[in-house]
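Structure first, commentary second.
Please read all numbers here as calculations on a predicted model, not as lab measurements. Side chains are part of it too, since the values below use all heavy atoms of this structure and drop only hydrogens, waters and symmetry mates.
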Amino acid sequence: MDIRLGLLYMALSAFSLGAMNALIKIASAYYSPLENIFYRAFFTLLFLGFFYFIKPFSFRAYKRVAGFCYFGAWLWGLWA
């Protein structure tokens with residue numbers, strides 16, 4: 001794999017995370033926290049859905065990791 005492509009993805013990820021946090025801070029003055037969560041999840045779903053339809057992928061390779069993350073989030077939800 002090309003290292004430059006990986007660095008580009010990392011920089012794009014950092015930029016989009018920073019932009020999302022800035023937009024949420026601006027939107028928090030106008031919308032409730034639940035609306036902010038909804039909008040963030042909705043637009044993330046649209047973004048990921050766009051890339052899924054461009055190049056579909058299978059979740060079979062990620063089943064073990066996804067199960068572990070889901071179980072960890074479930075335990076955290078019980079604890080919090």
Tracing side-chain links under 4.5 Å among I, L, V, M, F, W and Y, which residues wind up in one group with L23?
none

Who pairs with Y39 by ring pair (Phe, Tyr, Trp, His ring centres under 6.0 Å), at least two apart in sequence or on another chain?
Y31

Which residues pass the side-chain contact (heavy atoms from CB on, under 4.5 Å) test with I37, sequence neighbours left out?
none

Any donor-acceptor pair under 3.5 Å linking the side chain of T44 with the backbone of R40?
yes

All side-chain contact (heavy atoms from CB on, under 4.5 Å) counterparts of L45, not counting sequence neighbours
none

Taking all non-hydrogen atoms of both residues, which atom of N36 and which atom of A27 are closest, and how far apart?
OD1-CB, 3.6 Å

Are I24 and L17 linked, directly or through other ILVMFWY residues, by side chains that come within less than 4.5 angstrom of each other?
yes

Enter the distance from M10:CE to I3:CD1 here, rounded to the nearest 0.5 Å.
11.5 Å

Contacts of type ring pair (Phe, Tyr, Trp, His ring centres under 6.0 Å), residue F42, not counting sequence neighbours
F38

Those residues at least two apart in sequence (or on a different chain) that pass side-chain contact (heavy atoms from CB on, under 4.5 Å) with S32 are L34, E35

Nearest 0.5 angstrom please: L46 CG to F43 CZ, how far?
6.5 Å

